[in-house]
Amino acid sequence: MSGGKIARSGPALLPGVGGLSPGVTLAILVLSLIAALDLIGVAGAARTLRAWPARLAGSVTVVATGGGIESADAAAARVAEILGRTPGVSRVRVLDPAPEDALAAWIIGDSLAGGSTADDPDLSPLKPRLLSVMLKPGSSLTARGLTKFLNDQGPRVAVDDHGIWSGPLERAALVVAGGAAMLLVVLLWGVWNLVAGGVRRSFGRHAERLVLLTHLGAAEPVLTGPFRRGLTLTAAVGAGLGVFAAAGVGALLIWSPDAAIALAGLGVPLPAIAPLDLAAGLAWLLVAVPIGALAARIAAIVALRRMS
């Protein structure tokens with residue numbers, strides 16, 4: 001028993017190896033903060049997009065935002081009056097206001113107005129009103145034609161025809177999903193390179209001892225183990241802190257009126273975040289930590305074999 005105790009308390013083969021790497025931890029924290037915010041935002045956007053089809057039921061959706069001295073309510077009423085007597089239109093309904101209307105107005109207006117709505121005060125999406133318009137079967141009216149027709153009548157509007165590629169909301173959903181996925185791939189690639197680079201630098205600092213231990217017959221798992229454990233721990237801590245920080249930012253947006261007002265002042269509406277959306281950030285941990293562990297293992301084995 002005493003021999004076992006002596007063996008366990010003996011000097012480490014690689015002193016100083018196996019702990020956290022502060023620089024890599026900080027870098028992974030930043031990447032994880034971005035990734036977790038990306039996932040939380042996607043969760044909020046997905047919830048909003050799921051609600052839109054039922055709410056925006058109709059052939060097209062018209063965004064009326066007002067402008068000048070005219071309010072969005074007045075613009076919506078005028079649009080409904082014009083469309084109500086337009087051939088080819090069977091029904092017009094002004095939708096009750098909802099929190100996600102600002103985001104929908106920004107997407108539709110930005111896509112169909114030919115530029116950023118922030119540059120056009122008449123399409124400012126701060127307090128929009130949406131109208132659901134049902135066209136008669138065989139109607140020749142199009143989103144572009146309705147936009148020109150209504151703008152010629154006075155109201156400043158944008159129209160979404162809800163086509164998979166022609167509809168701004170639908171196209172935005174595809175772009176957001178694809179962009180979010182690509183961003184996560186890039187961030188995971190960053191984690192991989194940070195961990196692998198950390199392993200290589202650590203191997204470089206202990207190269208002489210590693211070569212000596214290799215010549216003395218030390219087994220590969222014994223030599224690579226401390227490097228793998230240290231950088232895997234680094235990845236886990238960095239990812240955990242990043243996800244925690246992202247949850248804090250999300251909580252601030254949910255429960256702090258001042259933060260919501262400050263974001264609204266940026267001019268680009270964001271999807272409403274619900275408390276349950278914060279859990280989406282945890283998915284990053286389930287992917288980033290195994291990726292970090294795999295990167296550490298492969299980098300350690302490759303670095304050791306290059307020394308042999």
Side-chain angles (χ1 to χ4, degrees), residues 4-40 42-43 180-181 183-214 216-251 278-308:
K5 289 182 179 179
I6 293 173
R8 285 194 296 270
S9 60
L13 291 178
L14 295 165
V17 178
L20 287 176
S21 173
V24 177
T25 301
L26 180 60
I28 292 178
L29 186 158
V30 173
L31 295 184
S32 299
L33 171 62
I34 297 170
L37 287 175
D38 179 44
L39 289 168
I40 292 170
V42 167
L183 177 59
L184 289 176
V185 170
V186 170
L187 293 172
L188 285 172
W189 177 82
V191 170
W192 179 285
N193 281 278
L194 284 168
V195 171
V199 169
R200 288 191 293 269
R201 288 190 297 273
S202 187
F203 260 80
R205 290 192 296 268
H206 299 83
E208 293 183 1
R209 181 179 287 267
L210 285 166
V211 170
L212 175 60
L213 292 172
T214 300
L216 292 175
E220 183 178 272
V222 173
L223 296 180
T224 61
F227 297 94
R228 289 188 288 109
R229 288 191 294 271
L231 270 299
T232 299
L233 177 63
T234 294
V237 171
L241 291 175
V243 169
F244 181 78
V249 173
L278 301 181
L282 295 175
W284 174 253
L285 284 176
L286 300 179
V287 180
V289 176
I291 285 290
L294 181 61
R297 179 176 183 274
I298 292 176
I301 292 174
V302 170
L304 183 63
R305 290 180 180 176
R306 284 178 177 172
M307 291 182 176
S308 302

Exercise for review: Work out which heavy atom in Ala239 is nearest to a heavy atom in Val289; give both atom names and the distance.
Suggested key: CB-CG2, 4.4 Å
Exercise for review: Look up atom CG in Leu184 and atom CG in Leu31, then write down how far apart they are to the nearest 0.5 Å.
Suggested key: 11.5 Å
Review point. How long is the gap from CG on Leu241 to OG on Ser32, to the nearest 0.5 Å?
Key: 9.0 Å
Study note, to complete from the structure: When rounded to the nearest 0.5 Å, the distance separating CG of Leu188 from CG of Asn193 is 11.0 Å
Revision key, fill the gap. Heavy-atom nearest pair, Ile28 first then Ala235, reads CD1-CA, 3.8 Å
**Study point:** Within 6.0 angstrom of Arg297 CZ, more than 12 heavy atoms from elsewhere
**Key:** no
Study note, to complete from the structure: Heavy atoms of Leu285 and Gly240 approach each other most closely as CD2-N, 3.5 Å
Review point. How long is the gap from CH2 on Trp284 to CD1 on Ile291, to the nearest 0.5 Å?
Key: 8.5 Å
Exercise for review: Examine distances only and state if a side-chain atom of Asp38 and a backbone atom of Ile34 form a donor-acceptor pair shorter than 3.5 Å.
Suggested key: no
Point to revise | Minimum-distance pair of heavy atoms, taken over all atoms of Leu194 and Arg201 | key: O-NH2, 4.3 Å
Practice item. Output the distance between atom CD1 (Ile40) and atom CG (Leu282), rounded to the nearest 0.5 Å. Key: 8.5 Å
Review point. How close do Thr232 and Ala296 get, heavy atom to heavy atom, and via which atoms?
Key: OG1-CB, 3.9 Å
